[in-house]
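Note sheet for the following structure.
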Amino acid sequence: MKELLTVQLKRFNHLSSEIDAAYHEAAQRLGLSDSAMQVLYTICNNGEKCLLSDICNLSGTSKQTINSALRKLEAEDIVYLETFSGKKKNVCLTAKGKNLINNTVVRLIEIENDIFSSWTKPEQELYLELTQRYLTSFKDKIKEL
């Protein structure tokens with residue numbers, strides 16, 4: 001059988017998997033599930049609350065997974081839901097949730113910021129440009145399946 005993956009693509013896939021594994025390890029070390037980390041990370045990037053639909057869209061996680069994580073976070077008094085408009089709901093942090101974010105998600109974002117800021121501006125732009133090009137092309141090709 002013909003080799004389908006180039007050496008570069010194998011390396012890319014390996015690095016992508018390793019990055020996912022590193023975020024998983026970070027969530028575990030901080031005492032959070034992956035889905036809870038995604039919810040709290042997205043809210044943190046938005047302030048103290050975020051539309052439920054935006055959490056699903058921005059995290060790239062299914063609505064079912066997000067809803068399951070939210071039920072657990074609500075039961076732990078970390079978030080609560082409030083009606084925003086019609087059927088739209090905001091996911092809001094409680095005082096306990098704000099404290100949790102400061103001890104978990106903010107620490108992770110500081111690590112990301114330290115790494116990103118250690119790169120030159122052209123390196124940052126190149127990384128973002130190539131990542132966006134890859135993602136856009138990949139999504140376009142998936143539509144052809």
Side-chain angles (χ1 to χ4, degrees), residues 5 7-145:
L5 296 176
V7 171
Q8 291 87 353
L9 191 53
K10 285 180 183 177
R11 183 170 179 222
F12 173 83
N13 288 335
H14 174 75
L15 290 171
S16 180
S17 294
E18 287 292 315
I19 290 170
D20 289 345
Y23 276 97
H24 172 73
E25 181 180 350
Q28 283 187 324
R29 287 178 177 262
L30 294 169
L32 298 170
S33 68
D34 292 344
S35 54
M37 175 64 88
Q38 290 172 323
V39 168
L40 296 174
Y41 191 103
T42 306
I43 294 170
C44 186
N45 273 337
N46 222 35
E48 295 182 1
K49 59 184 170 182
C50 189
L51 283 172
L52 174 58
S53 58
D54 286 346
I55 293 172
C56 295
N57 293 331
L58 295 171
S59 70
T61 305
S62 74
K63 190 173 180 178
Q64 284 178 314
T65 300
I66 295 299
N67 282 330
S68 176
L70 284 176
R71 281 192 295 277
K72 291 176 186 171
L73 292 169
E74 279 183 293
E76 296 170 1
D77 193 36
I78 294 168
V79 300
Y80 64 93
L81 298 177
E82 70 178 12
T83 301
F84 175 72
S85 171
K87 292 183 178 183
K88 292 184 178 185
K89 300 225 183 271
N90 262 328
V91 181
C92 308
L93 293 172
T94 64
K96 184 177 176 182
K98 291 174 192 174
N99 188 46
L100 178 64
I101 277 184
N102 285 329
N103 292 318
T104 58
V105 175
V106 169
R107 291 173 62 196
L108 183 61
I109 291 171
E110 287 171 347
I111 290 169
E112 293 170 327
N113 283 334
D114 285 347
I115 294 165
F116 202 72
S117 67
S118 74
W119 298 350
T120 65
K121 189 77 168 167
E123 288 172 330
Q124 293 172 8
E125 292 300 323
L126 179 61
Y127 178 80
L128 294 172
E129 178 188 335
L130 291 174
T131 302
Q132 183 63 59
R133 278 179 40 200
Y134 180 86
L135 177 60
T136 300
S137 295
F138 191 65
K139 284 182 173 182
D140 288 344
K141 297 290 184 184
I142 287 172
K143 290 175 186 172
E144 298 171 9
L145 291 177

Could you check whether Tyr23 and Gln38, counting side-chain N and O atoms only, form a donor-acceptor pair closer than 3.5 Å? no
State the CD-CZ distance between Glu18 and Arg11, to the nearest 0.5 angstrom. 12.0 Å
Asn45 side chain near Ile109 side chain, heavy-atom distance below 4.5 Å: yes
Give the table of side-chain donor-acceptor pairs shorter than 3.5 Å for residues 72-80, with sequence neighbours excluded, one pair per line with atom names and distance.
none

Take Glu125 and Lys121, measure what side-chain contact (heavy atoms from CB on, under 4.5 Å) needs, and give me the verdict at the end. CA-CA 6 Å; Glu125 292 300 323; Lys121 189 77 168 167; 4.1 Å; yes
Between Val105 and Leu30, does the side-chain contact (heavy atoms from CB on, under 4.5 Å) criterion hold? Intermediate values first, please. CA-CA 8 Å; Val105 175; Leu30 294 169; over 6 Å; no
I need the minimum non-hydrogen distance between Cys50 and Asn90, along with the two atoms involved. C-OD1, 3.3 Å
For residues Thr42 and Ile55, report the shortest heavy-atom separation together with the two atoms involved. CG2-CA, 3.8 Å
Do the rings of Phe12 and Tyr134 sit parallel, tilted or perpendicular, given the 30° and 60° boundaries? tilted
Looking at side-chain heavy atoms only, is the closest gap between Arg133 and Leu130 below 4.5 Å? yes
May I have the step-by-step check of side-chain contact (heavy atoms from CB on, under 4.5 Å) for Phe116 and Leu128, ending in yes or no? CA-CA 11 Å; Phe116 202 72; Leu128 294 172; 3.9 Å; yes
Counting distance only, does the side-chain N/O of Ser68 pair as donor-acceptor with the main-chain N or O of Gln64 below 3.5 Å? no
What is the minimum heavy-atom distance between Gly47 and Leu93, and which atoms define it? O-CD1, 4.4 Å
Supply the atom-to-atom distance Asp34 CG to Ser59 OG, rounded to the nearest 0.5 angstrom. 11.5 Å
d(Ile66 CD1, Asp54 CG) to nearest 0.5 Å is 11.5 Å
If every non-hydrogen atom of Cys56 is compared with every non-hydrogen atom of Lys63, which pair is closest and at what distance? SG-CA, 3.7 Å
Under 3.5 Å donor-acceptor, Arg107 side chain and Asn103 backbone: yes
At what distance, to the nearest 0.5 angstrom, does CD of Glu110 lie from CG of Asp114? 7.5 Å
Pairs in or reaching into residues 135-145: which pass side-chain hydrogen bond (donor to acceptor under 3.5 Å, both in side chains), with residues at least two apart or in two chains? Gln132-Thr136
Give the minimum heavy-atom separation between Ala69 and Ala36, together with the two atoms involved. CB-N, 4.1 Å
Nearest-0.5 Å distance, OG of residue Ser118 to CD of residue Glu123: 8.0 Å
Euclidean distance, Ile101 CD1 relative to Lys96 NZ, rounded to 0.5 Å: 13.5 Å
Which is it for Thr83 and Lys89 under the side-chain contact (heavy atoms from CB on, under 4.5 Å) test, yes or no, and what are the steps along the way? CA-CA 5 Å; Thr83 301; Lys89 300 225 183 271; 3.5 Å; yes
What are the two closest non-hydrogen atoms of Leu100 and Thr104, and how far apart are they? O-OG1, 2.7 Å
